[in-house]
Amino acid sequence: MATPRADDWSWFPALALGVSFLKCILINAYHSTDFEVHRNWLAITHSLPVSKWYHENTSEWTLDYPPLFAWFEYSLSHVAQHFDKEMLVVQNLIYTSPATILFQRLSVIVTDIVFIYAVKECCRSVREEKGSKDLLGHPFFILAALLLWNFGLLIVDHIHFQYNGFLFGILLLSVARHLQGRHLEGALLFTVLLNLKHIYLYIAPAYGIFLLRSYCFTKDNTDGSVRWSSFSPVRLVALGSIVISVGALSFGPFIAMGQLPQVLSRLFPFKRGLCHAYWAPNVWALYNMVDKALSVLGVRLKLLDVAKLPKASMTGGLVQEFQHSILPSVSPSITLICTLLSIMPAVLSIWCRPRGARGFLRCLVVCALGSFMFGWHVHEKAILMAILPFSILAVESREDAGIFLMLTTTGHYSLFPLLFTAAELPIKVLLMLLFTLYSFTSLKKLFRLTIGFLVTSLTKALLPRLLSLAGRAALGGVLVVPNFFHLRMMEATVFLGPSML
């Protein structure tokens, strides 16, 4: 049988169906408390009037996503009632009938159609080098495999349980539209995304500055600076109309009912701790580690009274605040300032020296990484917001490919604590090994990377794990030490930042 040509897309459905089949196999795997979170939201939106959605608190897992996602759950609930009506009863807490599990798993798989379509659009937007290449070594095939079979997205959505594929599909489709020069469509998609899940505010600065600089200003001076006379009020009004209309559709009913403060209090619960229940490998995890080490040392040297040290957990996933023992406690405003400072060079770069949609994409990745490293109550899963869009740049640039290999290996490994049951151990290890091996071998073939380059990248990613284990053993288990992958995350952020300039 003839090998498919690079310009023949008949291979894409097979690749998508293959990963969909794998998702079906994982239907009965372990699921986290997020499974109950979304079941509860199905029950709330189906059983209660809209006016009570953001007030209902029978379960500790209250509705804390923007209104468009609530309507998404409402739509799903009308299908869910044909599987098991009991899952839609608010009082049925921790309800996990076989029919409920089947429906919720299938709902994630089916809504991944948005992600699959977005991946294809991203592949169509990849820059192609001149000259013939076989299908397996072509940039858009490698990109399709890196996105569709992304290890992190597979375990977070189809084992742990969430709807990130659907949401990342909208993000990637928005990015693809900007790469294709269809900026209003890209802006509309991102506005819809923000009203589905507000965590994407992390990358809003990249969108805002890019659209203002490269869409509302239509011409540059010869030195690349902005030509102020080229400003188009019509384009600004068009963008503003998109933002206002989508926002009105999403929040309008709650504003009319006088519930906007209540909705916002659910969306931004700053009384949750600095770090999530599972520490994201960022600056604040290292900060917590240093504070904990100093407090343990102070107690052992009898410089501190253990009875006077704060008792609250540093990693409460629910509403919970804590004070550091030795170091100054960190407030949400401090994390905001640090985040803004970390992304400022990238944002200024696309304003002062715009480099088209790819400059915007690079800025988006830097904003995602900056927010991940310095944000408040960051979920470990947020690293996917950098990894998935960065995949596009990784198949177009040798330098970006090297950073991508380091970032994906460390970022995906940091997701391991999400799956802590023994049954899922071989699954997560095997899936990560397969994805990592494919990433290294495919990008090596694409860019003719040397063995030394690959060994260096792999060593940077894996050696810290050994240091982490050694450090934990040396401390005798007194202290839970975040592994040194934090440093590798920071290194990737630092490497990517200067490439903006």
Side-chain angles (χ1 to χ4, degrees), residues 37-59 61-81 88 90 107 111 114 118 162-164 166-171 173-175 177-178 182-212 215-216 233-272 332 336 385:
V37 170
H38 287 281
R39 186 218 58 82
N40 185 52
W41 294 358
L42 287 172
I44 289 174
T45 55
H46 185 84
S47 305
L48 300 177
V50 177
S51 61
K52 295 185 178 180
W53 285 2
Y54 286 93
H55 287 276
E56 165 59 36
N57 60 0
T58 301
S59 168
W61 312 115
T62 54
L63 180 58
D64 60 4
Y65 274 25
L68 277 191
F69 197 90
W71 288 110
F72 169 71
E73 294 277 8
Y74 174 78
S75 301
L76 290 179
S77 71
H78 286 278
V79 182
Q81 64 184 339
L88 303 176
V90 175
S107 67
T111 54
V114 177
Q162 279 191 344
Y163 289 93
N164 291 292
F166 162 66
L167 297 168
F168 276 119
I170 298 176
L171 174 62
L173 188 56
S174 173
V175 169
R177 292 297 180 247
H178 285 304
R182 297 156 67 174
H183 298 301
L184 285 180
E185 291 181 43
L188 173 61
L189 287 164
F190 183 69
T191 306
V192 170
L193 181 62
L194 279 181
N195 283 272
L196 284 167
K197 190 170 184 178
H198 52 303
I199 193 176
Y200 293 97
L201 281 170
Y202 287 164
I203 56 177
Y207 270 89
I209 297 301
F210 169 70
L211 287 170
L212 179 62
Y215 181 72
C216 293
V234 174
R235 292 191 173 194
L236 181 62
V237 169
L239 289 175
S241 299
I242 289 173
V243 174
I244 293 173
S245 58
V246 174
L249 181 66
S250 177
F251 287 90
F254 300 94
I255 295 175
M257 292 183 291
Q259 294 188 9
L260 183 61
Q262 174 63 20
V263 174
L264 294 179
S265 70
R266 286 285 184 86
L267 298 185
F268 301 99
F270 288 114
K271 290 187 178 181
R272 295 184 179 182
L336 176 61
M385 200 184 305

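Taking the side chain as every heavy atom from C-beta outward, Met385 and Phe168 approach each other to under 4.5 Å. Looking at heavy atoms from C-beta onward, Val50 lies out of side-chain contact with Tyr74 at the 4.5 angstrom threshold. Using a 4.5 Å heavy-atom threshold, the side chains of Phe210 and His183 count as touching.
Of the possible polar contacts, none joining the Trp71 side chain to the Ser250 backbone as a donor-acceptor pair under 3.5 Å is found. Side-chain atoms of Trp61 never come within 3.5 Å of backbone atoms of His38 as a donor-acceptor pair (strictly under, hydrogens ignored). Within the 3.5 Å criterion, the main-chain N or O of Leu88 finds no donor-acceptor partner in the side chain of Gln81. Within the 3.5 Å criterion, the main-chain N or O of Glu185 finds no donor-acceptor partner in the side chain of Arg177. Using a distance-only test at 3.5 Å, with no hydrogens or angles considered, a donor-acceptor pair links the side chain of Trp41 to the main chain of Thr62. Panel note: side chain Ser47, backbone Ile44; no donor-acceptor pair is recorded below 3.5 Å.
Atom CZ of Phe251 has more than 12 heavy atoms from other residues, nucleotides or ligands within 6.0 Å.
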- Message: I'd like to know whether Leu167 forms a side-chain contact (heavy atoms from CB on, under 4.5 Å) with Leu196, so could you lay out the CA-CA distance, the side-chain angles of the two residues, the decisive distance to 0.1 Å, and finally the verdict.
- Response: CA-CA 8 Å; Leu167 297 168; Leu196 284 167; 3.7 Å; yes
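Inspection of the Tyr207 and Thr191 side chains reveals no N or O donor paired with an N or O acceptor under 3.5 Å.
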